[in-house]
Amino acid sequence: GYSFCVIDNAAFAWDNVKFLLTSSEFYSGQKNLPELVDKLMKLTAKESVLANASFNEFYEKKRDVSLWLSSSMFEGDRDIRSLARILDIDLTDSYVAFFVNFDKDKVSLLARFMPNEKLAKELDKFNSNRKFNSKLLTVFPKETYAVLSVTFDPEAIYERAKTNHYFKDAEQDIKSDLGVSLKEIFAGFGGSLLVSISGFEQEYYGIKPNINVAFDITNEEIFKKIITELPFTDIVDGFYRLDGNIFLTHNKETVLISSMEGVKAFTEGGFKENLSDNAVKSKIADYPAYFFINLNYSDYPQNVKDVIDDELRYETTVRKLLHGLAKNLEVNCINNTSAEVVIQIKENHENSLQALIRVIDEIITEEL
């Protein structure tokens, strides 16, 4: 047997092994909830989700908190249908799984997309054995507050995108404006992209992060053509000024957007102490896409702290989590269908869940 109750348009049911929550979107359907609950709670293994291979794979890998979703849940969602149409993909019989784990020094969320057979074959085309171009690491200084790295196959992306009619329209415009085709542009990329925030500048209107962007290239002439069409304000010491202290330069292998200090260091062979000396190097090498951001409030300069405090003066919860719990955040793109978000917590010799509950308790106590 099982127990159940109905509250407004939602029904809750449970027995010794499962808990069920179901609801009716419309008031007229509320009277059928008891009948629906009875049907669902009495399903046999062959009739239930236990007959789904994807669910069983998910259940075998469950963690502290696990969630499995079927694409059938979103069949009526207008935004999802629109996105699928733009990307020219069919999400039918696809699934998404989320796994949350609370470890001693971190909280992790693993997300896995389990596509249908046809979509899986399409996604496989984007799998690449390319390794990140480690030469880009020497372009940026060692210290960083945030990093994004991406390794990709330009030709595979172009081959998939060129069949999309939105892409075809853009291709004609770019060919007309720049005099080069999108195929030539994609072929000119080397397949590695690196972005880093290495510091902050105090300007009249506030704080501005020093954002550095670098990517490798295989055809310098293509990018020379593109660069001549960009809206530069002027050229300083041979570097193209994009805005303020943001400049662009390049050589036969790399295009760099950085501060004047950054582009000058680039022409001299890069920084002596660079990102290859930073712990993020191994993560960049291990994952096709990787993101890191320092959330440790005490690591930031005072003028940045002042801005953070001002922005969060009414956000007690976020401020407490930032000051008392979070150390950094990482996003590891494992492959085309899996990614993991990891929040490292400050050392306090307790499980991350215990630390999270402690901080939440402090927030509630403060607000009482």
Side-chain angles (χ1 to χ4, degrees), residues 49-75 77 79-80 83-84 86-134 146-161 191-195 279-293 295 326-345 352-353:
V49 71
L50 293 174
N52 187 297
S54 173
F55 178 82
N56 287 318
E57 180 185 352
F58 152 81
Y59 192 74
E60 289 174 2
K61 298 178 180 179
K62 64 183 184 296
R63 297 187 180 183
D64 292 340
V65 179
S66 304
L67 177 67
W68 180 84
L69 301 173
S70 169
S71 60
S72 60
M73 293 181 60
F74 311 105
E75 288 178 351
D77 189 288
D79 293 332
I80 297 295
L83 178 62
I86 291 172
L87 298 177
D88 191 24
I89 58 176
D90 180 11
L91 294 172
T92 307
D93 294 328
S94 299
Y95 307 94
V96 181
F98 299 95
F99 306 89
V100 180
N101 227 42
F102 296 95
D103 297 309
K104 184 175 181 180
D105 59 346
K106 64 184 179 182
V107 180
S108 61
L109 166 64
L110 174 65
R112 289 190 60 213
F113 176 52
M114 292 161 276
N116 59 53
E117 186 177 353
K118 181 180 178 181
L119 184 53
K121 290 180 179 179
E122 284 294 316
L123 292 175
D124 280 343
K125 295 177 182 178
F126 295 97
N127 280 327
S128 173
N129 293 322
R130 290 173 185 255
K131 298 295 183 181
F132 184 83
N133 186 348
S134 60
V147 168
L148 170 68
S149 67
V150 181
T151 307
F152 58 98
D153 185 337
E155 291 86 357
I157 295 174
Y158 175 79
E159 288 301 317
R160 177 65 180 84
S192 294
L193 168 71
L194 186 62
V195 182
V280 300
K281 175 186 176 180
S282 61
K283 298 293 184 72
I284 290 173
D286 288 344
Y287 299 107
Y290 171 74
F291 173 73
F292 163 89
I293 183 168
L295 298 179
K327 183 178 180 181
N328 59 58
L329 180 146
E330 293 178 300
V331 180
N332 308 317
C333 179
I334 300 167
N335 52 43
N336 286 341
T337 56
S338 299
E340 185 174 37
V341 179
V342 179
I343 300 176
Q344 296 282 346
I345 66 171
S352 56
L353 179 58

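Position 1 is the first residue of the sequence; numbering continues from there.
- Under the rule for a side chain to side chain contact (heavy atoms under 4.5 Å, CB included), the partners of Asp153 that lie at least two apart in sequence or sit in another chain are Ser128, Arg130, Glu155, Ala156.
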*Using the side-chain contact (heavy atoms from CB on, under 4.5 Å) rule, take Asp286 and Ile284 through it: C-alpha gap first, then chi angles, then the decisive distance, then the call.*
CA-CA 6 Å; Asp286 288 344; Ile284 290 173; over 6 Å; no
Please tabulate, for side-chain N and O atoms in residues 49-59, each donor-acceptor pair with protein atoms closer than 3.5 Å (sequence neighbours left out).
from  : atom 1 : to     : atom 2 : distance (Å)
Asn52 : OD1    : Ser54  : N      : 2.8
Asn52 : OD1    : Phe55  : N      : 3.1
Asn52 : ND2    : Tyr95  : OH     : 2.9
Ser54 : OG     : Trp68  : NE1    : 3.3
Asn56 : ND2    : Leu50  : O      : 2.7
Asn56 : ND2    : Asn52  : O      : 3.3
Glu57 : OE2    : Arg112 : NH1    : 3.2
Glu57 : OE2    : Arg112 : NH2    : 3.2

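- For Asn133, the side-chain hydrogen bond (donor to acceptor under 3.5 Å, both in side chains) partners are Asp216, not counting sequence neighbours.
- Using a 4.5 Å cut-off on side-chain heavy atoms (C-beta onward), Asn335 and Pro288 make no contact.
- Listed by chain and residue number, nothing satisfies the side-chain hydrogen bond (donor to acceptor under 3.5 Å, both in side chains) test with Asp64 (two or more places apart in sequence, or in another chain).
- Side chains of Ile345 and Lys327 form no contact here, defined as non-hydrogen atoms less than 4.5 Å apart.
- Within the 4.5 Å cutoff, no side-chain heavy atoms of Val342 are placed close to those of Val107.
- Judged purely by atom type and a 3.5 angstrom limit, Asn336 uses its side chain to pair as donor or acceptor with the backbone of Leu123.
- Between Leu91 and Ile80, some side-chain heavy-atom pair lies under the 4.5 Å cut-off.
- Residues that satisfy the side-chain hydrogen bond (donor to acceptor under 3.5 Å, both in side chains) test with Ser134, not counting sequence neighbours, are absent from this structure.
- Leu329 pairs by the side chain to side chain contact (heavy atoms under 4.5 Å, CB included) definition with Phe291, Ile293, Leu295, Val331, Val341, Ile343, not counting sequence neighbours.
- Between Phe98 and Val65, every side-chain heavy-atom pair lies at or beyond the 4.5 Å cut-off.
- In this structure the side chain of Leu69 reaches within 4.5 angstrom of the side chain of Leu67, judged on heavy atoms.
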